[in-house]
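These notes are about the structure you will find just below.
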Amino acid sequence: QVQLVESGGASVQAGGSLRLSCAASGHTSKRGCMSWFRQAPGKQRDRVAAIDHDNITIYSDAVNGRFTISQDNTRTSLYLQRASLKPEDTATYYCASSLWDCATISATTIKYNSWGQGTQVTVSS
């Protein structure tokens, strides 16, 4: 099992930038796809960005061009750099790990076996 801990959530103004971090520990060698999800109150949890062991990235249409996912060489730290934040980016952001490669799984929560506790991001207009 992989343990994930997010940090970096905050309240920011629209148009601002913010970087989220996720620290991974445990069986990190067994990780495939690493992703960031977000969930707004009353809505489903959606994947916004994913990265695999070859640093190939996938983004949702909602954040493409504004968010950048990255990881360190040991894959023990995952980041989400967000620019041009909008009020609709307000959500709890979760780091997640899958045993599967990103290309083999859908953008849903299925196939993700490890989750962080979430970090809150609030964007005001």
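We count residues from 1, following the sequence as given.
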Kindly determine whether Arg47 and Ser60 satisfy side-chain contact (heavy atoms from CB on, under 4.5 Å), including the steps that lead there. CA-CA 7 Å; Arg47 193 177 76 181; Ser60 69; over 6 Å; no
Would you check if [X] and [Y] make a side-chain contact, meaning some heavy-atom pair closer than 4.5 Å?
| X | Y | value |
| --- | --- | --- |
| Thr92 | Arg45 | no |
| Val48 | Leu80 | yes |
| Leu4 | Tyr94 | no |
| Val121 | Arg38 | no |
| Ile105 | Ile110 | no |

Could you check whether atom CG of Asp72 has more than 12 heavy atoms from other residues, nucleotides or ligands sitting under 6.0 Å from it?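 Yes - once you tally the heavy atoms of other residues, nucleotides and ligands closer than 6.0 Å, there are more than 12.
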Check this for me: Asp54, atom CG, are more than 12 non-hydrogen atoms of other residues, nucleotides or ligands nearer than 6.0 Å?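 It does: Asp54 CG has more than 12 such atoms within range.
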Interatomic spacing from [atom1] in [X] to [atom2] in [Y] - rounded to 0.5 Å:
| X | Y | atom1 | atom2 | value |
| --- | --- | --- | --- | --- |
| Ser35 | Ile51 | OG | CD1 | 9.5 Å |
| Cys102 | Ile58 | SG | CD1 | 5.0 Å |
| Lys111 | Ser97 | NZ | OG | 14.0 Å |
| Thr57 | Phe67 | OG1 | CZ | 14.0 Å |
| Asn55 | Asn73 | CG | CG | 8.0 Å |

Would Tyr79 end up clustered with Leu85 when hydrophobic side chains under 4.5 Å apart are linked, directly or stepwise?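 No; tracing contacts between hydrophobic side chains, which count when under 4.5 Å, never links both residues.
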Give the C-alpha distance, both sets of side-chain angles, the deciding distance and a yes or no for side chain to side chain donor-acceptor pair (under 3.5 Å) between Tyr93 and Arg82. CA-CA 12 Å; Tyr93 284 74; Arg82 292 123 24 91; 3.3 Å; yes
Do any N or O atoms from the side chain of [X] and from the backbone of [Y] form a donor-acceptor pair under 3.5 angstrom?
| X | Y | result |
| --- | --- | --- |
| Arg75 | Gly32 | yes |
| Tyr112 | Cys33 | no |
| Gln71 | Asp52 | yes |
| Glu6 | Cys22 | no |

Ring centroid separation Phe37 to Trp115 under 6.0 Å: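 Centroid distance Phe37-Trp115: below 6.0 Å, so yes.
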Please name the pair of heavy atoms, one in Ala91 and one in Ala40, separated by the smallest distance, quoted to 0.1 Å.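 Taking Ala91 first and Ala40 second, the nearest heavy atoms are CB-N, 3.9 Å.
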